[in-house]
Amino acid sequence: MSSTETHFASPQTKSESELEMQRERLMALPHLSHLLEAFPTPAVILNDTRQIVLHNNAFAAAMPSGDYDLLLGLRVGQAIGCSYEKDTPSGCGTGKHCRMCGAVLAMLEAGKGTRSVQECRISVEDHLGGGALDFRVLGVPIDVNGEELTILSLVDISDEKRRRVLERIFFHDLLNTASGLQNLTDLLRIVPSEERDELLEDLQGVSGQLINEIETQRDLLAAEGEELRVVPRRTTTDDMVSHVHALYRFHHLAQDRHFKTINKAAGVEFTTDPTLLARAVGNLVKNAFEASQRGQTVTITCEREDEDTLCFLVHNETVMSETVRLHMFERSFSTKGPGRGIGTYSARLLIERFLGGSIMFTSMEETGTCFTVRIPREYNPAETATNDEERDEIGNRNSGGTA
């Protein structure tokens, strides 16, 4: 890792000996340690190179290592386990993603002598495949015997943000679908009898969409709480593609847009939880409609990558900005307004954490935006168990042991 390359903040760091001497100087001032412990939240003192010199017990307890001595000299993103930190040229604060990080912005503002309050979302890797933590970050500049330092406090607002996002999305989508249902029932009263059969089909489609919106929110809450049950069964690519098409062709976002399906793996059977897979692919379809302009086309394509893997591709004609690409898959980030960025986050959650698959995307001027979902043809619960008890139970069953 380079010590001089950066896309944003300064890459410079202090040596281990410099850090040790700095910590000893600060530890000789008891009021600083008492001040940190007075914070009810994780808090640290950073030096002018954004490295941790002192921290309170709440910070150590909240970190993956939980070891007081291992945190000296780390930057906050490195200590927390930010999933982008390993891709930065010179550590936390120096990557392209760091330009949007509220924690780094608070540090830099405090480094200039200004008290700063920011919100940040940190993507982390964990034993379940990753997630996101939301923090309200307070950065306060302090001068200690001529040393310019920053007190940084982190308040976990993940639950607050999650509840706010889910409530906004749920009521937004529910009201839109219910409005469409009401419009159709109003039309039933005035259309000639010979036109009612077609209208009744539309009415059935929209009522199915209403149920789908409610079930989607229920499943997302269960997934985040690790309570979602995977029910694998045999299905076909034809059924999956037609099911997603039927779910979203009546969606209000699909109005004045074209919706195409292409199945290059027609008739292929596979084992998965078809409800969860349709939910995940459907969320990508909904996002694609939301990103598309009137007259543009959203396409679902199913392909067979190899003997063991199927791919579901969701394509639209628009191109994402760099900001959107950098924040993709993060809960609640969206260009559509507050509380609208749950679609790709929930798709990744379902696909990677519960269905044993993977999801990626490309977005280029020449080809538009395409999300690719890869799913194993045979669902393997041992690879997608969501907690240690499930893993133990599966291991016992496979080895012939008893619980």
Side-chain angles (χ1 to χ4, degrees), residues 198 201-202 204-206 208-209 211-213 215-216 219 230-293 295-319 343-344 346-352 354-364 366-380 383-384:
E198 184 178 349
E201 184 184 352
D202 292 347
Q204 185 177 21
V206 174
Q209 180 61 42
I211 294 171
N212 182 57
E213 297 289 358
E215 291 176 339
T216 295
D219 288 348
V230 179
V231 184
R233 61 182 173 84
R234 208 69 177 157
T235 188
T236 68
T237 56
D238 307 78
D239 288 343
M240 181 56 57
V241 171
S242 61
H243 179 54
V244 175
H245 185 264
L247 279 175
Y248 287 92
R249 66 191 178 104
F250 291 106
H251 199 283
H252 69 277
L253 292 172
Q255 291 180 0
D256 302 319
R257 279 95 169 151
H258 304 294
F259 193 14
K260 287 175 54 180
T261 61
I262 302 171
N263 191 353
K264 297 180 181 178
V268 175
E269 292 187 348
F270 64 110
T271 301
T272 190
D273 186 320
T275 301
L276 297 185
L277 179 56
R279 193 88 71 227
V281 176
N283 281 339
L284 298 177
V285 168
K286 189 162 67 171
N287 268 32
F289 279 131
E290 198 164 28
S292 299
Q293 304 297 318
Q296 291 186 331
T297 300
V298 171
T299 306
I300 304 176
T301 302
C302 179
E303 299 177 348
R304 189 169 179 170
E305 182 172 84
D306 53 43
E307 189 64 28
D308 301 318
T309 310
L310 289 171
C311 294
F312 293 88
L313 298 87
V314 178
H315 176 268
N316 72 81
E317 300 176 49
T318 59
V319 181
T344 57
S346 61
R348 185 185 188 189
L349 182 69
L350 294 174
I351 293 297
E352 297 190 353
F354 293 94
L355 298 179
S358 64
I359 182 170
M360 60 169 290
F361 72 95
T362 58
S363 190
M364 298 179 288
E366 301 82 4
T367 56
T369 295
C370 184
F371 283 84
T372 301
V373 173
R374 288 181 171 84
I375 289 291
R377 284 191 62 194
E378 299 301 326
Y379 169 79
N380 185 352
E383 295 179 359
T384 55

### Any residue meeting side-chain hydrogen bond (donor to acceptor under 3.5 Å, both in side chains) with Thr271, in chain and number order, not counting sequence neighbours
Arg234, Glu378
### Query
In Å, rounded to the nearest 0.5 Å, how long is the span from NE2 of His243 to OG1 of Thr261?
14.0 Å
### Query
Residues two or more places apart in sequence or in another chain: which of them pass side chain to side chain contact (heavy atoms under 4.5 Å, CB included) with Thr367?
Met364
### Query
Roughly how far apart are Arg279 CZ and Leu355 CG, rounded to 0.5 Å?
11.5 Å
### Taking every non-hydrogen atom, the tightest pair across Asn263 and Ala265
OD1-N, 2.9 Å
### Message
The criterion is ring pair (Phe, Tyr, Trp, His ring centres under 6.0 Å); which residues satisfy it with Phe312, sequence neighbours excluded?
### Response
none
### Query
Roughly how far, to the nearest 0.5 Å, is SG of Cys302 from CG of Leu313?
8.5 Å
### Message
Run the salt bridge (Lys or Arg N to Asp or Glu O under 4.0 Å) test against Glu317 and tell me which residues pass, sequence neighbours left out.
### Response
none
### Task
Report yes if some heavy atom in the side chain of Val314 is under 4.5 Å from a heavy atom in the side chain of Asn287; otherwise report no.
no
### Task
Taking all non-hydrogen atoms of both residues into account, name the closest pair between Pro376 and Gly356 and its distance.
CD-O, 3.6 Å
### Query
Mind checking what makes side-chain hydrogen bond (donor to acceptor under 3.5 Å, both in side chains) contact with Arg377, not counting sequence neighbours?
none
### Task
Heavy atoms only: give me the nearest Ala347-Ile359 pair and the separation to one decimal.
CB-CD1, 4.2 Å
### Task
Output all residues satisfying ring pair (Phe, Tyr, Trp, His ring centres under 6.0 Å) with His258, sequence neighbours left out; order by chain, then residue number.
none
## Note on the structure
Residues at least two apart in sequence or cross-chain that pass side-chain hydrogen bond (donor to acceptor under 3.5 Å, both in side chains) with Thr301, listed by chain then number, are none
#### Entry: Qualifying salt bridge (Lys or Arg N to Asp or Glu O under 4.0 Å) pairs with a residue from residues 252-262, counting only residues at least two apart or across chains
Asp256-Arg294
### Query
When rounded to the nearest 0.5 angstrom, what distance separates CG in Leu276 from CG in Leu349?
10.0 Å
### Task
May I ask you to test the Leu284-Thr344 pair for a side-chain heavy-atom distance under 4.5 Å?
yes
### Task
Rounded to the nearest 0.5 Å, what's the gap from CD on Glu352 to CZ on Arg348? Could you check?
4.5 Å
## Note on the structure
side-chain contact (heavy atoms from CB on, under 4.5 Å) with Leu277: of Leu310, Ile351, Leu350, Thr235, only one passes, and it is Ile351
### Query
When you measure from the side chain of Thr369 to the backbone N and O of Asn316, does any donor-acceptor pair fall under 3.5 Å?
no
### Summary
Those residues at least two apart in sequence (or on a different chain) that pass side chain to side chain contact (heavy atoms under 4.5 Å, CB included) with Thr236 are Asp238, Asp239, Glu269
### Summary
Gly368 and Val319 have their tightest heavy-atom pair at CA-CG2, 4.4 Å
### Task
Apply side-chain hydrogen bond (donor to acceptor under 3.5 Å, both in side chains) to Asp273 and list each qualifying residue two or more places apart in sequence or on a separate chain.
none
### Task
Please report the closest heavy-atom contact between Met240 and Pro274, naming both atoms and the distance.
CE-O, 3.4 Å
### Approximate separation, where rounding is to 0.5 Å, of Glu305 CD and Thr372 OG1
9.0 Å
### Query
Does Val298 reach the side chain of Gln296, with side-chain heavy atoms less than 4.5 Å apart?
no
### Message
For Asp308, give me all partners under side chain to side chain contact (heavy atoms under 4.5 Å, CB included), at least two apart in sequence or on another chain.
### Response
Asp306
### Query
Side chains of Ile300 and Val285: does their closest heavy-atom pair fall under 4.5 Å?
yes
### Message
Applying ring pair (Phe, Tyr, Trp, His ring centres under 6.0 Å) as the test, list every pair that has at least one member in residues 262-290; sequence neighbours left out.
### Response
Phe259-Phe289
